[in-house]
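Data block below; observations after.
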There are 2 protein chains.
Amino acid sequence: MVDKYRGATILNYMVKDRSAGLDRLFRALAHPVRRTMLRRLAGGERNLTELAKPLKMSFPAVSKHVRVLEQARLVQRRVTGRVHWCRLNAAPLKQVVDWSAGFREFWEARFQALDGLLEEMKQQEDAHVRQK
Amino acid sequence: MVDKYRGATILNYMVKDRSAGLDRLFRALAHPVRRTMLRRLAGGERNLTELAKPLKMSFPAVSKHVRVLEQARLVQRRVTGRVHWCRLNAAPLKQVVDWSAGFREFWEARFQALDGLLEEMKQQEDAHVRQK
DNA sequence: TTAATATTAAACCAGATGGTTGACAAATAC
DNA sequence: GTATTTGTCAACCATCTGGTTTAATATTAA
């Protein structure tokens with residue numbers, strides 16, 4: 001099979017696939033609680049107690065989630081007294097977008113059409129993930 | 001602290017944070033081998049043997065990675081005889097971009113400046129992830 | 001028919017994840 | 001000073017992850 005996309009692919013290869021940073025980023029984003037936390041932090045700084053309040057889990061669990069976000073550099077912590085203030089650091093999300101957007105042409109319709117993959121769209125509807 | 005960003009945040013809230021689909025997506029993307037696989041599939045269909053060739057791991061391991069990508073709907077499989085052809089399905093990556101781009105304003109410079117977070121940028125350089 | 005190829009399945013393993021509880025440390029409030 | 005609040009740490013647990021090896025299945029080639 002011809003590598004018809006190769007040219008375009010190389011052009012869009014901006015972000016390295018092998019990156020421990022991306023690993024940590026994607027992994028941090030893979031939990032709904034952590035994504036929700038980021039969303040809440042978009043509303044301004046929160047301390048751990050505030051972050052924990054709406055969550056149905058123990059405080060240490062919340063603390064661990066924050067730690068994961070911190071290690072992915074998505075959250076920055078500022079300690080004043082006994083209170084730990086968390087601030088969103090969205091910068092790493094740009095990496096996520098940059099990496100993913102490298103595939104943009106592949107999900108855009110004109111490209112699908114160009115390749116005559118209309119039947120794939122149909123397949124996409126009813127063909128389901130092989131269940132374990 | 002005032003919720004200065006709240007308005008903008010709600011405006012950009014397009015993709016649900018709590019989504020098993022996003023969980024699977026981000027998780028699938030959290031492994032360098034799988035990201036590399038996607039990149040290679042961007043060059044056209046590959047069967048498992050071809051995908052496995054450059055990888056330093058057993059064939060069943062490769063098969064499992066493909067399965068993860070498949071369950072995240074990032075890969076579609078077409079079986080002809082004994083050969084399993086894998087095709088990139090980039091469509092779900094749009095969700096990743098949409099979710100992440102909801103935070104774009106927060107990583108853009110004008111916004112950082114607005115908040116007087118220039119010192120944060122410096123912090124970002126040398127402040128490191130709290131090590132366990 | 002027999003052998004080789006492509007792939008899955010099953011069993012196993014070490015280590016990570018995501019949660020719990022209980023004890024502790026430090027800062028603040030009374 | 002004593003009590004309360006904020007948060008960490010340590011130990012523990014069940015489950016998931018990512019890898020292995022060996023065996024099995026199905027298709028193609030000789």
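Note that the structure is a prediction, hence the values are computed from the model and not measured. Sequence lines set the chain letters: A, B, ... in the order given, protein chains first and strands last, and positions in each chain run from 1. Because only heavy atoms are used, hydrogens play no part in the values below, and waters and symmetry mates are left out as well, while side chains stay in.
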Tell me whether the side-chain N or O atoms of R82(B) pair up with the base of dA6(C) as donor and acceptor below 3.5 Å, since no angle test is needed here.
no
T49(A) vs dG7(D): side-chain N/O to OP1/OP2 distance below 4.0 Å:
yes
L51(A) atom CG is separated from dT6(D) atom P, nearest whole Å, by 13 Å
In whole angstrom, what separates R78(B)'s CZ from dA6(C)'s P?
16 Å
Report the distance from atom NE2 of H84(B) to atom CD of E70(B), rounding to the nearest 0.5 Å.
9.5 Å
For atom NE2 of H84(B) and atom P of dA9(C), their distance in whole Å
9 Å
R67(A) side chain N/O closer than 4.0 Å to the phosphate oxygens (OP1, OP2) of dC9(D)?
yes
Strictly under 3.5 Å: I want the nitrogen or oxygen pairs between protein and nucleotides 16-18 of chain D, one per line.
unit_1  : atom_1 : unit_2 : atom_2 : d
dG18(D) : OP1    : R34(B) : NH2    : 3.4
dG18(D) : OP2    : R34(B) : NH1    : 3.1

Under 4.0 Å between a side-chain N or O of S58(A) and OP1 or OP2 of dT21(C)?
no
When you check the side-chain N and O atoms of W99(A) and D17(A), is any donor under 3.5 Å from an acceptor?
yes
Carboxylate-amine/guanidinium contact D23(A) R27(A), below 4.0 Å:
no
How close or far is atom C1' of dT17(C) from atom CZ of F26(B), stated in whole angstroms?
18 Å
Which sits closer to the 5' end of DNA chain C, F59(A) or T80(A), going by the nucleotide each is nearest to?
F59(A)
Quick check against the 3.5 Å criterion: does S63(A) have a side-chain atom that pairs as donor or acceptor with the backbone of F59(A)?
no
Testing dT20(C), dT8(C), dG7(D) for proximity to the side chain of A61(A), the answer is dT20(C)
S100(B) and V96(A) have their tightest heavy-atom pair at OG-CG1, 3.4 Å
Mind checking whether M57(B) and V33(B) have side chains closer than 4.5 Å, heavy atoms only?
yes
dist S19(B):OG -> F26(B):CZ (nearest 0.5 Å) comes out at 9.0 Å
Report yes if at least one side-chain N or O of R46(B) is closer than 4.0 Å to OP1 or OP2 of dA6(C); otherwise report no.
no
Should S63(B) be listed as having a side-chain N or O under 4.0 Å from OP1 or OP2 of dT7(C)?
no
Whole angstrom value for the distance that separates P of dT5(D) from NZ of K53(A)
11 Å
Closer to the 5' end of DNA chain C via nearest nucleotide, is it V62(A) or P60(B)?
P60(B)
